[in-house]
Amino acid sequence: MDAMGVAGGPQELFVYWRCDAAQTGAVLAAARAMQRALHAQWPALEARLLVRMSDAPGELTVMETYAAAAGIDAALQQHIEAVAAAALAGWCRGARHVEVFSAVPG
């Protein structure tokens, strides 16, 4: 248990970044292709994409999520980050922000 009395479950990744909203179709196609390639390597990996309009005009915020029943360990997280950084570098405006959360057991 951690300091808040919550036993951490499997870890999941949430990665968000901004892109040019005018390039949404190409950005999402690149992100989907990257996530399909990751899934081909790790069939148990569940990957999703979410989007929202950013506060800044003309920008879109993209959220990638990654989960697996066994959780995302450090090695898999590093691999996901490396593959995504290479595949999406040309589309990102600014840094990719990676957050790690633990699922709360039901």
Side-chain angles (χ1 to χ4, degrees):
M1 296 237 179
D2 69 10
M4 295 189 313
V6 177
Q11 291 188 328
E12 299 181 19
L13 297 182
F14 297 83
V15 185
Y16 62 95
W17 46 281
R18 292 185 175 176
C19 67
D20 182 346
Q23 298 177 325
T24 299
V27 167
L28 296 180
R32 284 186 188 115
M34 178 269 304
Q35 286 187 329
R36 279 193 302 273
L38 286 168
H39 181 72
Q41 292 177 308
W42 285 277
L45 183 65
E46 298 173 26
R48 295 178 52 207
L49 286 176
L50 303 138
V51 296
R52 72 168 185 202
M53 290 307 295
S54 298
D55 294 334
E59 282 192 343
L60 185 75
T61 299
V62 178
M63 170 78 74
E64 305 163 39
T65 69
Y66 300 94
I72 307 293
D73 64 16
L76 181 52
Q77 178 180 342
Q78 288 175 354
H79 183 74
I80 290 169
E81 288 182 38
V83 167
L88 304 173
W91 302 110
C92 295
R93 280 190 175 176
R96 291 169 47 82
H97 304 278
V98 179
E99 302 282 342
V100 180
F101 286 79
S102 294
V104 177

All N/O donor-acceptor pairs, side-chain side in residues 32-47, below 3.5 Å, sequence neighbours left out:
| unit_1 | atom_1 | unit_2 | atom_2 | d |
| --- | --- | --- | --- | --- |
| Gln35 | NE2 | Arg48 | O | 3.1 |
| Gln35 | NE2 | Tyr66 | OH | 3.3 |
| His39 | ND1 | Pro43 | O | 3.4 |
| His39 | ND1 | Leu45 | O | 2.9 |
| Gln41 | OE1 | His79 | NE2 | 3.1 |

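- With a 4.5 Å cut-off on side-chain heavy atoms, Leu28 and Val51 count as touching.
- For the residue pair Leu49 and Ala31, the shortest heavy atom distance occurs at CD1-CB, 3.7 Å.
- Both Val27 and Met53 are part of a single hydrophobic cluster, where members link through side-chain heavy atoms under 4.5 Å apart.
- Cluster membership check: Trp91 does not share its hydrophobic cluster with Met63, using side-chain heavy-atom separations under 4.5 Å among Ile, Leu, Val, Met, Phe, Trp and Tyr.
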Run the side-chain donor-acceptor check on residues 11-20: report pairs under 3.5 Å with partners two or more places apart or on a different chain.
| unit_1 | atom_1 | unit_2 | atom_2 | d |
| --- | --- | --- | --- | --- |
| Trp17 | NE1 | Glu64 | OE2 | 2.7 |
| Arg18 | NH1 | Glu59 | OE1 | 3.4 |
| Asp20 | OD1 | Ala22 | N | 2.9 |

Return all side-chain donor-acceptor pairs below 3.5 angstrom for residues 71-78, not counting sequence neighbours, or 'none' if the list is empty.
| unit_1 | atom_1 | unit_2 | atom_2 | d |
| --- | --- | --- | --- | --- |
| Asp73 | OD1 | Ala75 | N | 3.3 |
| Asp73 | OD1 | Leu76 | N | 2.8 |
| Gln77 | NE2 | Glu81 | OE2 | 2.7 |

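- With values rounded to the nearest 0.5 angstrom, Thr65 atom OG1 is found 12.0 Å from Phe101 atom CZ.
- When all heavy atoms are compared, the tightest approach of Ala69 to Pro10 is O-CG, 3.5 Å.
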